[in-house]
*Asks:* 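The structure's right below; bear with me while I get my questions together.
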Protein chains: 2
Amino acid sequence: MTSQNLSGDSSTKILQTASRLFYEQGYHVTGINQVIAEAGVAKASFYHHFSSKEELCIAYLHKRHEDWFSWLQQEVEQNENDQERLLSLFTFLERWLPNSNFRGCAFLNIASEFPSPDSKIRLLVVDHKNALQDYIRQLVDRLNISPKKKNTAMLADLIYLLFEGAITKSQIYQSTGSIEAAREAVRQLIN
Amino acid sequence: MTSQNLSGDSSTKILQTASRLFYEQGYHVTGINQVIAEAGVAKASFYHHFSSKEELCIAYLHKRHEDWFSWLQQEVEQNENDQERLLSLFTFLERWLPNSNFRGCAFLNIASEFPSPDSKIRLLVVDHKNALQDYIRQLVDRLNISPKKKNTAMLADLIYLLFEGAITKSQIYQSTGSIEAAREAVRQLIN
DNA sequence: GTCTATATGTCGATAGAC
DNA sequence: GTCTATCGACATATAGAC
């Protein structure tokens with residue numbers, strides 16, 4: 001109850017505030033001054049917990065990865081039928097995107113702000129997208145629709161492209177308009 | 001030859017330099033000081049030609065829209081067969097993306113840096129993506145594969161999602177790996 | 001561990017000479 | 001139309017008291 005209660009902990013408050021600001025505003029436009037002001041801590045306290053702004057961003061991405069995947073898995077695992085589990089990827093988008101004010105994927109947004117593909121932050125983006133593609137492949141593999149392994153990998157890849165495209169379009173148009181069509185296209189592809 | 005020759009014109013040099021830096025580095029991370037230094041002009045000269053950094057960004061997006069569409073149309077119009085014209089959308093990606101160092105779509109990258117959907121810059125992004133979707137719809141309509149208008153609109157939407165997804169994936173992985181699969185998927189969808 | 005005060009630099013934008 | 005010099009604000013990061 002003392003050190004376990006992190007809700008009032010400075011480190012946690014800083015990370016929560018930074019996560020909100022980085023996601024809603026972007027990385028470079030969000031200054032350390034704004035983070036510490038809205039977190040209600042002093043500047044030196046921030047630099048006691050985090051060595052730099054970039055380290056704070058890395059912590060943000062780590063936590064974001066955990067949170068986002070738990071949201072996704074929670075939606076998928078509500079379904080028992082393997083086909084419905086796969087299709088629920090898009091149902092997840094229909095819930096998540098409006099709920100996040102159509103700000104889109106935190107990792108793609110950050111990648112736009114870090115052009116160097118070798119940067120530590122860009123490698124985290126790759127890790128996140130690798131995990132997403134692995135997850136989609138697992139869902140596709142459980143369908144057992146095709147005897148050829150090669151086809152299921154390609155099918156999973158197409159579904160991933162539709163998934164990313166749906167996120168992007170919804171971000172630009174602030175709408176979930178195309179997601180239903182994407183889900184029905186996947187339904188036809190696997191039947 | 002005097003005022004027509006814009007290659008040495010300050011305004012043109014500024015816009016060319018800013019276009020390169022905004023695209024390669026991002027908007028917020030690129031300072032006016034860097035733009036004028038690399039363009040070889042004085043700061044006051046910049047503010048004589050452009051009222052603000054944001055106006056410079058708007059000029060960048062206008063020119064980028066013209067340039068990018070002419071590249072796309074040039075690739076498409078090399079083909080006479082209507083089906084090949086549609087599929088050449090993805091051939092275009094295979095040429096353009098490696099050539100741009102896998103920096104992806106200038107408009108999506110800018111949108112990540114401007115969260116407010118009502119901003120002037122975000123409206124230009126919508127204009128650009130509207131034009132792209134209209135173009136894809138035109139290519140699909142010429143196929144005359146389906147009697148139902150509704151299906152061609154949905155098909156064009158799916159192709160657009162695959163197109164956006166392919167751009168995004170190539171940006172993250174610095175590769176054109178999935179584009180061939182996307183093109184073949186479209187080939188099957190329209191047959 | 002948290003505070004105030006500060007260091008050092010760069011940001012976007014302007015003034016005024018030429 | 002282009003220049004140098006400069007403005008006030010804010011950037012990231014530190015020093016030193018408590």
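The sequence lines fix the lettering, A, B, ..., with proteins before strands; numbering per chain opens at 1.
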*Asks:* Measuring from the side chain of A:Ser52 (C-beta onward, heavy atoms only), which nucleotide among D:dC3, C:dG12, D:dA13 has the closest atom?
*Replies:* D:dA13
*Asks:* Which nucleotide, D:dT2, C:dT4, C:dG12, lies nearest any side-chain atom of B:Lys53?
*Replies:*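 Minimum distance to the B:Lys53 side chain belongs to C:dG12.
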*Asks:* Roughly how many Å is it from CG in A:Asp9 to P in C:dT2, rounded to a whole number?
*Replies:* 7 Å
*Asks:* Could you tell me whether B:Glu84 and B:Arg183 make a salt bridge, using a distance below 4.0 angstrom between a side-chain N and a carboxylate O?
*Replies:* no
*Asks:* Return the 5'-most residue of the pair B:Gly40, A:Phe46 with respect to DNA chain D, ranking by each residue's nearest nucleotide.
*Replies:* B:Gly40
*Asks:* Atom CZ of A:Phe50 and atom P of C:dT2: how far apart are they, to the nearest Å?
*Replies:*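 So the CZ-P distance, A:Phe50 to C:dT2, works out to 12 Å.
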*Asks:* Identify whether the distance between the nearest side-chain nitrogen and carboxylate oxygen of A:Glu54 and A:Lys120 falls below 4.0 Å.
*Replies:*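 A salt bridge is absent here (no side-chain N lies under 4.0 Å from a carboxylate O).
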*Asks:* Could you check whether B:Ser51 gets within reach of a base, just the sugar-phosphate, or nothing at all, counting any heavy atom under 4.0 Å?
*Replies:*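 Counting heavy atoms under 4.0 Å across all strands, no contact is made by B:Ser51.
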*Asks:* Ignoring backbone atoms, establish whether B:Ser10 has a side-chain N or O less than 4.0 Å from OP1 or OP2 of D:dG1.
*Replies:* no
*Asks:* Calculate the interatomic distance between A:Ile36 atom CD1 and C:dG1 atom P; express it in whole Å.
*Replies:*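 Interatomic distance, CD1 of A:Ile36 to P of C:dG1: 18 Å.
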*Asks:* Can you confirm if the aromatic rings of B:His28 and A:Tyr27 lie within a centre distance of less than 6.0 Å?
*Replies:*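 Distance test on ring centres: not under 6.0 Å, no.
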*Asks:* Using whole Å, what does the distance between atom P of nucleotide C:dG1 and atom CD1 of A:Ile14 come to?
*Replies:*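 Going from A:Ile14 (CD1) to C:dG1 (P), I get 12 Å.
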*Asks:* Once you round it to whole Å, what is the distance between P of C:dG12 and CG of B:Leu56?
*Replies:*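 In whole Å, C:dG12 P and B:Leu56 CG are 10 Å from each other.
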*Asks:* Identify, between A:Ala42 and B:Gln34, the residue whose nearest nucleotide on DNA chain C lies closer to the 5' end.
*Replies:*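 Nearer the 5' end of the strand: A:Ala42.
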*Asks:* Side chain of B:Lys43: nearest nucleotide among D:dA15, D:dA5, C:dT2?
*Replies:* D:dA5
*Asks:* If I take atom CD1 in residue A:Ile32 and atom C1' in nucleotide D:dA9, what distance separates them, rounded to the nearest angstrom?
*Replies:* 17 Å
*Asks:* Considering only C:dC3, C:dG12, D:dT4, which nucleotide approaches the side chain of B:Ala44 most closely?
*Replies:* D:dT4
*Asks:* Measure from the side chain of A:Tyr47, starting at C-beta and using heavy atoms only, and say which of D:dT4, D:dT14, D:dT2 lies closest.
*Replies:*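 The answer is D:dT14.
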*Asks:* Compare side-chain N and O positions of A:His49 against OP1 and OP2 of C:dT2 and report whether any pair is under 4.0 Å apart.
*Replies:*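 Answer yes for this pair, as a side-chain N or O of A:His49 is under 4.0 Å from OP1 or OP2.
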*Asks:* Between C1' on C:dC18 and NE2 on B:His48, what's the gap in Å once rounded to a whole number?
*Replies:* 15 Å
*Asks:* Can you tell me which residue among B:Glu80, B:Gln138, B:Glu77, B:Glu75 is in a side-chain contact (heavy atoms from CB on, under 4.5 Å) with B:Arg85?
*Replies:*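 For B:Arg85, the side-chain contact (heavy atoms from CB on, under 4.5 Å) check succeeds only for B:Glu77.
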*Asks:* Return the value, rounded to whole Å, for the distance between atom CG of B:Asn33 and atom C1' of C:dT10.
*Replies:* 7 Å
*Asks:* Check A:Glu66 with A:Lys63, please: is the shortest side-chain N to carboxylate O separation under 4.0 Å?
*Replies:*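 Salt bridge flag = no for A:Glu66 with A:Lys63.
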